[in-house]
Each structure stands twice: as C-alpha cells, then as structure tokens.
**Student:** 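Dropping a structure here in structure tokens format, bear with me for questions.
Order of listing sets the numbers, starting from 1, for every ligand and every atom in it.
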Amino acid sequence: MTPAEVSAARAVDPQDFDIERVRADFPILQQEVNGRPLVYLDNAATTQKPASVIEALERYYYLDNANVHRGVHELSERATIAFEAAREKVRGFLHADDAREIVFVRGTTEAINLVAQSYGRANINHGDEILVTEMEHHSNIVPWQMLCEQTGAVLKVVPINERGEMIAKQFEKLLTERTKILAMTHVSNALGTINPVKSMIHRAHDVGAVVLVDGAQAVAHIQVDVRDLDCDFYAFSGHKLYGPTGIGVLYAKQNILDAMPPYQGGGEMIEHVTFEKTTYNILPYKFEAGTPNIAGAIGLGASIDYLRTMGLGAISAHERSVLRYAMQRAQEIEGLRVIGTAELKCSILSFVVDGTHPADFGTILDQLGIAIRTGHHCAMPVMQHFALPGTARASIGMYNTREEIDEFINGIVRAKSMLI
Ligand code: C6P
C-alpha cells in the first residue's frame, strides 16, 4: 500500500461498516457447524460468496447459457455480452487502461505459469536472474524454477527478517542488471505482510527487469491500481475475492502481452488455421484458448459489483480493526507466538503455541464450529525460515466480527488446555 492509500483507508471509520447487513448477504454463514454457529476464518484459502454472486451464476445457467464469441443466436449473444462486461468490470477494478490487458485464466497459479512459459521462454536466457522473495507461495516459486531448468536462468531469493518482512537492503543487493524478472507477492498468505510493491517495481524497472505481482491475497483487502503501481503483470484468483473458483485474472501491459507468444493452442486463440501455418487472434483472446469459464467470469463480475457497493476502503478499515483486535487478544495467551508481525500487514493471524502441533488446533477448533487452516500454507520456505513444521492460521474477511475473534480465542485457550 502506498502511504496515500494507507491514509485513505484509515480515514474510513470501521463504525460506518454495517457488518450485520454484510453477514446477511452471505447465506453460508447462517449455519451451524458441529452444533455451533459457523465462524469462518479461512478466507485466505477461499472466501464465501454473497447471494448476488450465487444468483448471477444461477441466472446465467437458467437463462443465458451458451458459448461465447461463436454463435449468432440470441443466447450466445447474451453470454458474450455478459462475459465481456465482466472483463470490463475487472479492468475498472484494477484501474487498467484497456480491457485487452485483462486475460481470463483459471486462477493465480495459471496466470503465473502463463507468464513463466510464454514471456519467460521467449525472453529469458542462460545466466539471467529471476528474483523472488522468501515469503512466496509455491505458485510464485515453482513456475520460475521450471523456467530456470528450461533456460539455464538462476533463481535468486530476497530473504525476510524475523517479523516476516522482506529485507530491503538485501533486495537492493540482489537486484542487478542480470535481473530480468522480479516476481513477488503483494500480500503474504502465510504471514500477512504487505510488500512495498510500488517502490520495488520502480527499482526493478531501473535495472530493466519486468515485474509480476502475485495479488492473490491482496485484491480483497487493498485497492489495486495497476497503472499507479506500473507493474507489468498482476495476477489474482476470483475465489479469494468473494467470486467463484476456477476463474482468475492475468493483467499485463498491452505492449508486453502483444509481443508474447501464445501459452496454449486451440479454439478461440486463432485468427486463421491451415496445416501450413496458424495466425493468432487479437488480445486478449490470443491467451484464452478453448471455451472459457463463462459463468465464472460473470460471477467474478458480480463479486466486483458487490465489493463496489461495500467500498474496499470501508472493508479494509473494518478488517484492520478486527485483525488488530485479534492480534491483541492473541497476546493474552501464554506460549502463543504470532508468526508474521510486519509493520504493514493485513488479514492474516498465523501462530504457534509452544509444546503443541498446529494441526491439533485446526481439529479442535473445527469441533467448535471454527474454520481455520493449519500446515505450511503452500509456503514451505516461510516455514523453513521460522524452523516450523507449520502454523495455525486465521484469515479475516469482510464478514468477520470481534465476537467471532472472541470465540476463536476461547477456542485456542480450550484447545491449549486439552493439548498441554
Ligand atoms: N493460497 C491459501 O490458503 P490459486 O490456488 O491459483 O487460486 O492461488 C494460488 C496462490 C498464489 N499466491 C498466493 C499468495 C496465494 O495465497 C495462493 C493461494 C491459498 O493460502 C491456497 S494454498
């Protein structure tokens, strides 16, 4: 977050956020699990969906289902209009210049693989360096390792400190003329750390590198403006933004996308095919081979509409106040250690308790109707850094309340008394 964004978000009073109204919009939250009201604190894994998103999916399948960009009939026309309207909503949401810069993919993972295999294979050579941080999700490590194996490039890693922040001095040292790609997460899924992506992008451009930002954990909590960030690529998943699974977005600058070879071949991505030669479709369709997840895109458009009515500023102010409360309450528990105490963080409370295994907390809390995630969170290098087998992780979404945090804290105390 830039300082301006921080102060804009802080200007929103969390008291203004009508949490009861928000909760009423999410049908799944109205249930009991194991005889207790559900407390859903696994939003970093996937968020729940408001009724308006579920209804958009339903409406599409009830009334408009057809393939896009293919038929001349009424249903195909309607499906195409709704699909492209969703793309335009994503463009607006990211503040991108042009809808041609918005490629629909399955999720963050596919977006990063697309960049590694298309941009990477075409532009990365033996001895080039790809720079990531130690806090990356496996999705922002493994595709680059694969690219390094294919090209002879070298993966470099910016270490983190004990608070779980990237060490700026090390970043400056590792970023050199040899760096061709900088790929870093906007927000860490294991620690909650918010990276200073804007300044990192600026520095990377100074040495001629292109920059990919993994926005999987950022888009639901931070207002993203790709033009202001000046990132070359930005990736996120719909299901972490209160939208459906199986749909995600790769934003890429138009000139870069234009010069990239296709990622997959098939229908939709072509202009003309003969056995001798194929020419490719215009952007963004060159990168959307095969029938896309039409309903998913429409559902994602509906989730963006929903977020707009709530206002991301108000949502993040509310979440920040709930996270602050959770961090304070967690400190009351003897032997509990928060993993990830960065100055700038959002949504995530990862912890371990001396003398216990994190997985046990997940199981006991589940018996109390409280959903959290335990384990390495697909960020094994983070666990290696802290010499831990894993953590227990609560991740906060827009519908979580302080009362739920109280339930969660009581649950940890109870679990601890059973385990020690
Ligand atoms: N993290 C979590 O519980 P996909 O699976 O493609 O939608 O997102 C992958 C991904 C990439 N980057 C970051 C920072 C992420 O957090 C994730 C997904 C989930 O933390 C599932 S492992």
Side-chain angles (χ1 to χ4, degrees), residues 40-49 90 103-117 132-146 157-158 160 164-166 182-195 197 200 211-222 224 231 233-251 263 293 296-297 299-300 303 339-340 342 344-351 358-359 361-362 371-383 388 390-397:
Y40 187 78
L41 288 170
D42 196 16
N43 294 287
T46 199
T47 50
Q48 301 302 345
K49 322 303 171 199
V90 173
V103 179
F104 282 126
V105 289
R106 279 194 298 133
T108 311
T109 304
E110 188 174 48
I112 299 173
N113 276 278
L114 188 163
V115 176
Q117 288 304 307
V132 297
T133 79
E134 200 182 1
M135 72 177 88
E136 300 307 319
H137 185 278
H138 299 161
S139 291
N140 203 23
I141 299 173
V142 185
W144 305 117
Q145 283 176 326
M146 290 162 64
V157 183
V158 186
I160 56 175
E165 296 162 323
M166 182 217 42
L182 166 66
M184 79 288 202
T185 195
H186 200 162
V187 173
S188 155
N189 71 316
L191 305 164
T193 310
I194 303 174
N195 271 320
V197 286
M200 291 170 79
V211 184
L212 177 140
V213 183
D214 172 351
Q217 296 297 344
V219 282
H221 312 289
I222 295 174
V224 175
C231 54
F233 304 102
Y234 196 96
F236 75 90
S237 304
H239 70 99
K240 296 188 199 289
L241 192 69
Y242 308 97
T245 50
I247 187 76
V249 168
L250 171 68
Y251 156 82
Y263 171 53
N293 183 351
L300 174 58
S303 75
I339 307 298
L344 269 184
K345 67 174 282 181
C346 66
S347 175
I348 307 283
L349 173 61
S350 253
F351 66 94
F361 283 94
I372 62 162
R373 184 176 170 185
T374 62
H376 54 66
H377 314 298
C378 302
M380 282 188 183
V382 171
M383 301 305 139
L388 293 169
T391 68
R393 182 190 73 181
S395 48
I396 291 159

**Student:** Could you name each residue pair satisfying salt bridge (charged side-chain N to carboxylate O under 4.0 Å, His left out) that touches residues 236-250, not counting sequence neighbours?
**Tutor:**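 For residues 236-250: none.
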**Student:** I want to confirm something. Looking only at heavy atoms, which of Arg106, Glu136, Arg373 is nearest to atom 21 (C) of ligand 1?
**Tutor:**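 When every heavy atom of Arg106, Glu136, Arg373 is considered, Arg373 comes closest to atom 21 (C) of ligand 1.
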**Student:** Does the residue Thr185 have a heavy-atom contact with ligand 1, meaning some pair of atoms that are separated by less than 4.0 Å?
**Tutor:**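 Contact check Thr185 vs ligand 1: positive.
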**Student:** Considering the heavy atoms of Ser237, write down every atom of ligand 1 situated less than 4.0 Å from one of them.
**Tutor:**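 Reading through ligand 1 atom by atom, the close ones are 4 (P), 6 (O), 7 (O), 8 (O).
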**Student:** Write out all pairs satisfying salt bridge (charged side-chain N to carboxylate O under 4.0 Å, His left out) with one or both partners inside residues 104-115, taking only residues at least two apart or from two chains.
**Tutor:**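 Listed once each, the pairs are Arg106-Glu110.
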**Student:** Out of the candidates Thr46, Thr245, Thr47, only one should pair with His239 under the side-chain hydrogen bond (donor to acceptor under 3.5 Å, both in side chains) rule; please name it.
**Tutor:**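 Filter result, single survivor: Thr46.
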**Student:** Should the pair His138 and His376 be assigned to parallel (<30°), tilted (30 to 60°) or perpendicular (>60°) ring geometry?
**Tutor:**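 Answer is tilted, since the angle falls between 30° and 60°.
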**Student:** Which atoms form the tightest heavy-atom contact between Glu134 and Pro381, and what is the distance?
**Tutor:**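 Heavy-atom minimum between the residues: O-CB, 3.9 Å.
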**Student:** What are the atoms of ligand 1, with element, lying closer than 4.0 Å to any heavy atom of Thr109?
**Tutor:**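 Here the atoms of ligand 1 in question are 4 (P), 5 (O), 6 (O), 8 (O), 9 (C).
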**Student:** Just jot down the ligand 1 atoms closer than 4.0 angstrom to any heavy atom of Cys378, in number order.
**Tutor:**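 What qualifies from ligand 1 is 22 (S).
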**Student:** Do any heavy atoms of His186 fall under 4.0 Å from ligand 1?
**Tutor:**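 Per 4.0 Å heavy-atom rule, His186 does not contact ligand 1.
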**Student:** Which of the atoms of ligand 1 are close to Ser139, meaning less than 4.0 Å from one of its heavy atoms?
**Tutor:**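 This gives 9 (C), 11 (C) as the contact atoms.
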**Student:** Hey, is ligand 1 close enough to His239 that some N/O pair sits below 3.5 Å?
**Tutor:**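 N/O-N/O distance below 3.5 Å exists for this pair.
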**Student:** Under a 4.0 angstrom heavy-atom cut-off, which atoms of ligand 1 come close to Gln217?
**Tutor:**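 Reading through ligand 1 atom by atom, the close ones are 1 (N), 14 (C), 15 (C), 16 (O), 20 (O).
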**Student:** Which option out of Lys240, Arg393, Met184, His377 puts a heavy atom nearest to atom 19 (C) of ligand 1?
**Tutor:**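 The nearest heavy atom belongs to Lys240.
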